[in-house]
Amino acid sequence: MSKNAKIAAGGVVAGLILLIWLPWWAVLLVILGVPAAAYLTLDPSQRRRLRRVSRKELGR
């Protein structure tokens with residue numbers, strides 16, 4: 001199993017555990033809030049690079 005597959009599987013397991021223990025709105029807040037917080041912690045140059053890579057992949 002590749003590293004990305006392990007990360008994805010861990011995310012699914014964490015999401016299922018959150019759904020069991022927390023109300024749905026709290027799970028949604030975590031699912032949307034964690035990536036947003038991670039994006040906001042990037043430097044402006046890292047954000048530009050991330051946007052550029054994302055656009056290139058969309059153009060495939």
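Below, all heavy atoms of this structure are taken into account, side chains as well, without hydrogens, waters or symmetry copies. Everything quoted here is computed from the prediction, not taken from an experiment.
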Euclidean distance, Leu50 CG relative to Ser45 OG, rounded to 0.5 Å: 11.0 Å
Hydrophobic cluster identity match, Val34 and Val27, side-chain contacts under 4.5 Å: yes
Reported CG-to-CD1 distance for the pair Leu22 and Ile17, which is rounded to 0.5 angstrom: 11.0 Å
Single-linkage hydrophobic cluster, 4.5 Å side-chain cutoff, Leu28 and Leu18 together: no
Arg49, CZ: over 12 other non-hydrogen atoms inside 6.0 angstrom: no
Pairs involving residues 23-43, ordered by first then second residue, that meet side chain to side chain donor-acceptor pair (under 3.5 Å) (sequence neighbours left out): Tyr39-Arg51
Linked, directly or transitively: Leu42 and Val53 (ILVMFWY side chains, under 4.5 Å): no
